[in-house]
Amino acid sequence: MATSTPYQGHGHPAIEHWFNRVIQGSSTSSSSRPSDLLTPNRPLTTDNHSAPPDVTGLSERSLRHTERPQVASVRGVSWGNNHHTSVMETADGVPVNSRVSSKIQQLLNTLKRPKRPPLREFFVDDFEELLDVQEPDPNQPKPEGQQMTPLEGEHLAMSNKWPPSLPAALQRWGTTQPKSPCLTALDNAGKPIYTLTYGKLWTRSQKLAYTLLNKLSTRNEPLLMPGDRVALVFPNNDPVMFIVAFYGCLLAQLVPVPIEVPLTRKDAGSQQIGFLLGSCGVTLALTTDACQKGLPKAQTGEVATFKGWPRLLWFVTDGKHVVKPPKDWHPPIGDASNDIAYIEYKTSKEGSTMGIAVSNSAMLTHCHTLTQACGYTEAETITNVLDFKREAGLWHGVLTSVMNRMHVISIPYSLMKVNPLSWIQKVHTYKARVAVVKSRDMHWSLLAQRDQRDISLSSLRMLIVADGANPWSISSCDAFLNVFQARGLRPEVICPCASSSEAMTVAIRRPPEMGVPPPGKAVLSMSGLSHSVIRVDTEEKLSVLTVQDVGQVMPGAVVCVVRVEGTPYLCQTDEVGEICVSSGSTGVAYYGLPGMTKNIFETVPVSSSGVPISDRPFIRTSLLGFVGPDSLVFVVGKMDGLMVVSGRRHNADDVVATALAVEPMKFVYRGRIAVFSVSVLRDERIVVVAEQRPDASEEDSFQWMSRVLQAIDSIHQVGVYCLALVPANTLPKAPLGGIHISETKQRFLEGALHPCNVLMCPHTCVTNLPKPRQKQPEVGPASMIVGNLVAGKRIAQACGRDVAQLEDNDQARKFLYIQDVLQWRAQATPDHPLFLVLNAKGTVASTASCLQLHKRAERVAAALMGRLNTGDHVALVYPPGVDLIATFYGCLYAGCVPVTVRPPHPQNLATTLPTVKMIVEVSKSVCILTTQAIMKLLKSKEAAAAVDIKSWPTVLDTDDLPRKKSPQMYKPPTPEMLAYLDFSVSTTGILAGVKMSHTATSALCRSIKLQCELYPSRQIAICLDPYCGLGFALWCLCSVYSGHQSILVPPLELESNASLWLAAVSQYKVRVTFCSYSVMEMCTKGLGSQTEALRLRNVNLSCVRTCMVVAEERPRIALTQSFSKIFKDLGLSPRAVSTTFGCRVNVAICLQVSSWGGKKRRAAEVRRRTKCRRSEEGRVEMMGYLVDHLNEYFTLGPHNATGYYTVYGEEALHADHFNTKLSFGDTQTVWARTGYLGFLRRTELTDASGERHDALYVVGSLDETLELRGMRYHPIDIETSVIRSHKSIAECAVFTWTNLLVVVVELEGSEQEALDLVALVTNVVLEEHYLIVGVVVVVDLGVIPINSRGEKQRMHLRDGFLADQLDPIYVAYNM
């Protein structure tokens, strides 16, 4: 930001700084020197009120100078149209020498020129077309009146008595009437603590002005130059110090920027105030001694730097710090110029803070207009209840009062909180003629007035209601009059006014002695107003708005009403629009924001024919209203509170009034309600947030909420999207106790509001969802072929390498059966190590060579042969290790069919044992082989509570088998016979067992050997569960077939030692390793912050060529990416991490994201474009798929399973999964259906045959998809969106329940955040998936069940939800 280090002999340093910056950054400026810019003979002397940078970026500028420049003026240039041909403005709005600026302009124009067509031309989101566009109602009311004519205020009479400037007025009263009271300050008990006289104000302001200009220096140079901006940081209970500082700055020709006192480092809106100070180039802040002591301090004892604030010097303005000026020093007092006098801050609807620059002449003219409109006379007493730092409190209580030598009684907000009647008491005590209040002050004094008998308001000739433009101020005014008319208050003294920070006072009802028309009242139809049309209605109806007039236009001003959106056309007489003002008494610009200034301060209203109505620019006031009978101005709302829902306009203040009307005192704490709109799914949605009383019960809350919803619906005909209740005193406060709306909205959107009750009503509000999809009739096979031929498309088919031609030299190929391979290896290489199992400490728990494994298998076979028949099914219930592998081969030796089963978890028998029992029963196992420990567990008392332990088949423990040789190995008659059964529970809760023949088993091993280049001298590390799918094949089959050594790491051991797997990979310098997603997640979460410690333990992963995640699901990109990123520091190549894909019908379809050995795959061609987003890795995230147009993968290959043994839990899955034929093309070949959706894409890579490689993209399982509104959704997509929506969501799962989408989220954080998640979850699913969430369930960590493969068990979760077993923190049913 511009610094204030002085630049001797030239204008303001900021100019030099900004020019130097522009020149250094410009390639065209080689010939220009800074001295060119600052030559003394340039046509304009740049004065100290230099233009700040344009903090909005480049704005469109031209040579045209309008009557109202966009930035601080340049001294010597009048407000008129002075055309200096040699002066132009850069994008920052800085007047410069034309020779340089034309070059800069040329550079800026080049930078502004787009290099390529905008993104929109490349990508059109066809989902926008899906949204239902609501057609406007043909019967809606339309304006019918004539075009309005601009309304002129009365002539501004210039009096000779009026001083030429405000400092001149202060000088006059300070020297001629020094004893005259100027300002009386009160303490929190209402007692006057100090009365500042005009004499004191004059001398103290002079002292401060002198001190600021002459006694503050850095490196012997003055710190401040005239025109510099200075922050005024004064508490609301110290008006005396503020008014001295304000006039001290005016006398020193410094620009005061009054702001609020920052109470904490994280005040509501504090960061934006910092942005304002930075853009104004403020380096010095004035404050009081008491205030400075109360500011948050850094450890050094200095005032802390607040978030987003520039570095400030703090100067205390109390007496001992200021110096009396020498007798020959006089402040420079002249006529009011067009230089900036002060900057008033304003917070926009979005929460950004702008500084409104007010010139000296505008400040003076505004005082003149207020004096004339209010009939102010010298020495009148005025009671001011408003914030004296800005708006009406500043205009009446600091500026106009000094011009007219009035006496102001300033009532601090802290006193009003303790005693709401204090201002009325002071009016009575001081016989005040005028009081400036807000309707809120009148409202609270009504509630407290019962105790007061002896007060009179008969002295008041004007009760100015500063927020009279608020539509519901009329009820406060009427109620106040009803009560206080008996105490001398005359009805005609109530004078509502309308103002805005930019335009200052727009209109005010004149005091009765001015002979003005009687006040007006309008009863308007709410429905008409929502269409911006004025329709008079009757007060009996509920859905009407009664508004009072805000009086006549200010003297010397011209007012018109223009359309809110688009070109500013004049409104018709019965149409509501934005009020615009043209006058000499308004703000001149948003400081440093020329683009926004142009939009607001330089509006040119045009007639219906497009002709400008005036050559003077108008200012938009942000007030919505119309001009009524007798030229009275009516205001019905503000732009800041405007909410456009489904094309209709609603005013936030009206909705607040409706909500307050529902038993406000009983339920809402101090009437504190915030209403705002948030944009969800391309429309605005209304959110109502209220503070509930501390003693309110849950029952009260929901009763009030449902009544508010009904009231708003019936009165405004609009639905509330979200109604949230927060504990008392927790909403962010504005400086004078109101609610900080933009900060409240920000907290709502960030999930930091912490409500105690939430009611979401998306079903009634969201009416623009896409229409539900209808199923299309199937296209016949002949049409498919013709269509594809015409379109030139090939059938989506990809083939792996042909195994048969590549393996003639493979010894293992000579054997038909895997058990024969083991026998051959036991003879050929008896001592070759095959398996090495690690324990949690990383030491070797057990090993097995070829001969050892063969001998152990023989012992098992000998034990089985006498007891079981050939072909009997045997359940193997073992922990991961060599025992499992040995008993598997023992069963094959004995001619039995092994079924591997995960043992039950000793700490969780109730949920894990029934699955064991089910697999044993469904597989028709006649015997269970296990260890002694597990055998005891199966027959324990705890087991009896979960299952019927008497119905177990024979259980044999294999711990101490006799060293017996089996009489003879069993030889299957044909390789098509069953080798083993592979059972797995899917995420949808279906137990499916597939039959693997000896042929398929050998082909699977051969294919993996070829793809992974496995041979006896290799080592691979496996950290997978060995019970089903590819995990089982890698753990039990591949080492025996290929002869390589497998380092086995049981995943369960990682719970006690997260680094076990990676340490093993590093220690054994493994090139190929396999893991599951749950292992990868454990490493990512458990070791994310420990990479440095691992590096010190010499863990190095640079040896890893391939790290494959084994899964039967779509690749989890986010997890693999974060894993790669975290362990990159340990040498892991990001290209090493890849995913495999298998399913029940074929456990290994893809490895390393390439198609692999011996299979052919074909997907039915996509017949309709599906919306998908592809990430760089070539995986996919999809939104919703049409139910009738999907690609399912079919596979064909020697290692397909031969069929389902049985499917438990879903009998609809039949044998057609294994023998399906296509309806077009090759209609004879038998394929197996995978049950997975996806597509094939030809890549630029080549495969082994030299052909371009076809990459397979997996989208997800058909079983898992949710069918909603006629479209298919994959749960993972919705869950990914939900997890992203808030930092406290650790995990998420979704399922459907009676056509409702249920979202379960695990909360990682305090329970007060639980309700924050409801709205965010609903928002994100609407925005990204066009679905309405029916139920949001917030649960504790670990509630969502996860299987051993790391997959969510959504059906178990659904069962738990329906059985009410989740013990949720909160359940929100969205209405």
Side-chain angles (χ1 to χ4, degrees), residues 49 66-73 78-80 150-156 158 165-166 255 336-346 348 354-374 390-396 398-400 403 466 469 497-508 550-562 568 578-594 596-605 613-625 633 635 638-640:
H49 309 274
T66 56
E67 187 173 359
R68 195 178 300 282
Q70 293 176 342
V71 290
S73 72
S78 72
W79 284 103
L151 182 63
E152 293 192 23
E154 75 262 33
H155 176 67
L156 179 58
M158 298 305 287
S165 66
L166 218 48
V255 178
S337 68
N338 290 327
D339 304 328
I340 296 180
Y342 70 94
I343 293 173
E344 180 176 312
Y345 81 85
K346 177 216 170 149
S348 75
M354 288 90 74
I356 293 152
V358 180
S359 69
N360 280 286
S361 56
M363 174 172 72
L364 183 70
T365 309
H366 188 232
C367 293
H368 290 168
T369 57
L370 284 179
T371 303
Q372 181 170 326
C374 302
R390 54 197 298 263
E391 295 192 334
L394 175 72
W395 306 329
H396 290 268
V398 173
L399 304 177
T400 311
M403 192 183 96
C497 77
S499 62
S500 76
S501 299
E502 293 85 352
M504 308 222 259
T505 313
V506 175
I508 187 165
V550 288
Q552 291 79 15
V553 178
M554 295 301 283
V558 180
V559 161
C560 66
V561 183
V562 300
E578 185 174 4
I579 297 172
C580 294
V581 175
S582 179
S583 154
S585 60
T586 61
V588 294
Y590 289 131
Y591 192 85
L593 302 169
M596 291 174 70
T597 296
K598 194 166 183 62
N599 294 340
I600 301 297
F601 289 85
E602 298 180 19
T603 298
V604 181
I613 61 164
S614 166
D615 57 353
R616 291 165 58 179
F618 280 69
I619 292 180
R620 289 180 175 270
T621 63
S622 83
L623 300 171
L624 299 171
V633 178
V635 176
K638 289 185 178 172
M639 289 294 287
D640 279 358

- Note on the structure: dist Met554:CE -> His368:NE2 (nearest 0.5 Å) comes out at 12.5 Å
- Message: Taking the side chain as everything from C-beta on, heavy atoms only, tell me whether Phe601 gets closer than 4.5 Å to Ile356.
- Response: yes
- Hey, is the main chain of Thr505 close enough, under 3.5 Å, to the side chain of His366 for a donor-acceptor pair? yes
- Message: For Ala557, is there any backbone N or O sitting under 3.5 Å from a side-chain donor or acceptor partner on Ser583?
- Response: no
- Task: Can you measure from CD1 (Ile619) to SG (Cys580) and round to the nearest 0.5 angstrom?
- Result: 9.5 Å
- Task: Please check if the side chain of Thr597 supplies one atom and the backbone of Tyr590 the other of a donor-acceptor pair under 3.5 Å.
- Result: yes
- Query: If you measure from OH on Tyr591 to CD1 on Ile340, what distance do you get to the nearest 0.5 Å?
  - Reply: 5.5 Å
- Message: So Glu578 and Thr603, do their side chains get closer than 4.5 Å, heavy atoms only?
- Response: no
- Message: Between Thr621 (side chain only) and Ile579 (backbone N and O only), is there a donor and an acceptor less than 3.5 Å apart?
- Response: yes
- For the atom pair OG (Ser585) and CE (Met363), what is the distance rounded to the nearest 0.5 Å? 13.0 Å
- Query: With a 4.5 Å heavy-atom cut-off, do Phe618 and Val562 have their side chains touching?
  - Reply: no
- Message: Is there a side-chain contact between Met639 and Arg620 in this structure, where contact means two heavy atoms from C-beta onward sitting under 4.5 Å apart?
- Response: no
- State, yes or no, whether a side-chain contact exists between Leu399 and Leu370 at a heavy-atom distance under 4.5 Å. no
- Message: Suppose we screen for side chain to side chain contact (heavy atoms under 4.5 Å, CB included). Which residues come up paired with Cys497, at least two apart in sequence or across chains?
- Response: Ile464, Ile508
- Partners meeting salt bridge (Lys or Arg N to Asp or Glu O under 4.0 Å) with Lys346 (sequence neighbours left out): Glu502
- Ala336 to Leu364 - nearest heavy-atom pair and separation: CB-CD2, 3.9 Å
- Value rounded to 0.5 Å, distance of OG in Ser337 from CG in Asn360: 4.5 Å
- Side-chain heavy atoms of Ser614 within contact of Val558, under 4.5 Å: no
- Note on the structure: For Glu602 and Pro617, the nearest pair of non-hydrogen atoms, with its separation, is CA-CB, 4.0 Å
- Query: Do Ser622 side-chain atoms and Lys638 backbone N/O form a donor-acceptor pair below 3.5 Å?
  - Reply: no
- Can you tell me how far OG1 of Thr371 sits from NE2 of His396, rounded to the nearest 0.5 angstrom? 9.5 Å
- Message: Within the structure provided, determine whether Glu391 and Ser499 are in side-chain contact (heavy-atom separation under 4.5 Å).
- Response: no
- Item | salt bridge (Lys or Arg N to Asp or Glu O under 4.0 Å) against Glu152, all qualifying residues, sequence neighbours excluded | none
- Message: Quick one, Arg390 and Ser501 - any side-chain contact, counting heavy atoms below 4.5 Å?
- Response: yes
